[in-house]
Amino acid sequence: MLKSNDVDNMIRSSIRQMKAYTPVDPADLLQEKAGLPGEHTSKLDGNENPYGCSPRVQEALASCRSFHRYPDPEQREVRKALSQYTGMKPEYIVAGAGSDDLIDIILRLFIEPGDRVINCPPTFGMYSFCTGVAGGEIVTVPRKADFSLNIDAVKKATNSRTRLIFIASPNNPTGNQATEKEICDMLDLDIVVVVDEAYVEFSGNSLINLVPRYAGLIVLRTFSKWAGIAGLRAGYGICPPNIAAGLMKIKQPYNINTAACVAILESLKDTDYLMGTVRAIISERDRLYEALTEFKWLRAYPSVANFILCSVLERNARDVYLNLQKRGIFIRYFDTPGLEDCVRFSIGTPQDTDRVIAALRDM
Ligand SMILES: Cc1ncc(COP(=O)(O)O)c(C=O)c1O
């Protein structure tokens, strides 16, 4: 009979050696940690939309009567609606259970064990995490001190085993975006370039128009940030039809569930409302950025997304993070290469911004 140890040893060795991904804690756990009720807390650690989803989504979910049926594996209605929203034909579109799902299937589509994937940290952790799960090898090309991409170093890092490069634009957690020229320079390297536009509704600067011109360009989007449905898991990719067909072939048949389908369709019918919340978040982002410049012990980095990264100077960043946590303000703390002594504030409501500013002044 197998012993538990034997089973441990049967787990792929590359997975055994991998570090687990660190996701954000759920709100109720954070409130419990701080010993404070929800209304006295500000959850500013997940880059979520603090205004929640469209009321149309709430109503449609409450009245949906088809939860007992499997959703359409071809995602026909959703892809049609996304086609109207993006101006791209449905055959260019694949929906996923969040963009995380798409990152995972893109890697499984292109990566054989030992193939290389270029990652430009500091950036979103799922690219290296999913590369590890897929058995690929991450090649790290750090960003420059101002967090811009080091294109020359990317060129040097590319070889015949390089299959993919992931670029978040705007980048999480630094808040800056890549230029069109930088992305085109990378597309000229003959590797597949994944541009992750999770925060594009906040920056207003998309590169999806390039997709029909480049056989190797994939753009990822999500409903988690602007549309306030992070909990329902809804994202999509825009890519050339042959890549889309490959992704459709290997995805889990029912990867976006019925609730997420309903929420996508209703969100897309209520973009005026949702973009109103995006504008409110942008205005709070600009107000918080101004306010943060008042603190000599913080260096805030300009952001075109719905969060602001800060270096903590002269003080201990972890202490700042823990102090805010005690006051019911939950932010992200980083201490990874390139992000030493950094914290990130997701943008909340005006009340959240006031709470952050008051707490920092009081510290
Ligand atoms: C750059 C980036 N891409 C993708 C995601 C994940 O989005 P989703 O919720 O659609 O999986 C995030 C979430 O924080 C992100 O920052």
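Residue numbers run from 1 in the order of the sequence given. Just so you know, ligand 1 is whichever comes first in the structure, and atom 1 is the first atom listed for that ligand.
Pairing each heavy atom of Ile167 with each of Ala178, the nearest pair is CG2-CB, 4.1 Å. A pairwise comparison of heavy atoms in Lys225 and Gly46 identifies NZ-O, 3.3 Å as the closest pair.
Atom 16 (O) of ligand 1 has its nearest heavy-atom neighbour, among Phe307, Tyr236, Tyr199, in Tyr199. Between Ser99, Pro173, Ala168, Ser346, it is Ser99 that holds the heavy atom closest to atom 8 (P) of ligand 1.
Note on residues 197-224: pairs passing salt bridge (charged side-chain N to carboxylate O under 4.0 Å, His left out), not counting sequence neighbours, are Glu197-Arg221.
Every atom of ligand 1 with a heavy atom of Gly98 under 4.0 Å away is listed here by number and element: 8 (P), 10 (O), 11 (O). Under a 4.0 Å criterion applied to the non-hydrogen atoms of Ser224, ligand 1 contributes the atoms 8 (P), 9 (O), 10 (O). Listed by number with element, the atoms of ligand 1 under 4.0 Å from a non-hydrogen atom of Arg233 are 8 (P), 9 (O), 11 (O).
The aromatic rings of Phe147 and Tyr301 sit perpendicular, their planes meeting at an angle over 60°, well past the 30° parallel limit.
With a 4.0 Å heavy-atom cut-off, ligand 1 is reached by no atom of Met126. The proximity of Asn172 to ligand 1, defined as any non-hydrogen pair under 4.0 Å, is limited to the side chain. Contacts with ligand 1 closer than 4.0 Å are made by side-chain heavy atoms of Tyr127 only, the backbone lying farther away.
Protein heavy atom at the shortest distance from atom 13 (C) of ligand 1 is Lys225 NZ, 3.0 Å. In this structure, the protein non-hydrogen atom closest to atom 12 (C) of ligand 1 is Phe124 CZ, 3.3 Å. Scanning the protein for heavy atoms near atom 2 (C) of ligand 1, the closest one is Asp196 OD2, 3.4 Å. When only non-hydrogen protein atoms are considered, atom 6 (C) of ligand 1 lies nearest to Asp100 OD1, 3.2 Å. Of all protein heavy atoms, the one closest to atom 10 (O) of ligand 1 is Thr222 OG1, 2.5 Å.
Judged by distance alone, the side chains of Ser311 and Asp341 never bring a donor and an acceptor atom under 3.5 Å apart.
Cluster partners of Phe330 are Leu30, counting Ile, Leu, Val, Met, Phe, Trp and Tyr whose side-chain heavy atoms approach within less than 4.5 Å, directly or via other members.
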Show the numbers, then the answer: is there a side chain to side chain donor-acceptor pair (under 3.5 Å) between Asp196 and Tyr127? CA-CA 10 Å; Asp196 182 347; Tyr127 313 138; 2.6 Å; yes
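With respect to the salt-bridge test (charged N to carboxylate O, under 4.0 angstrom), the residues Asp115 and Arg161 qualify.
Between the side chain of Thr158 and the backbone N or O of Val154 there is at least one donor-acceptor pair closer than 3.5 Å.
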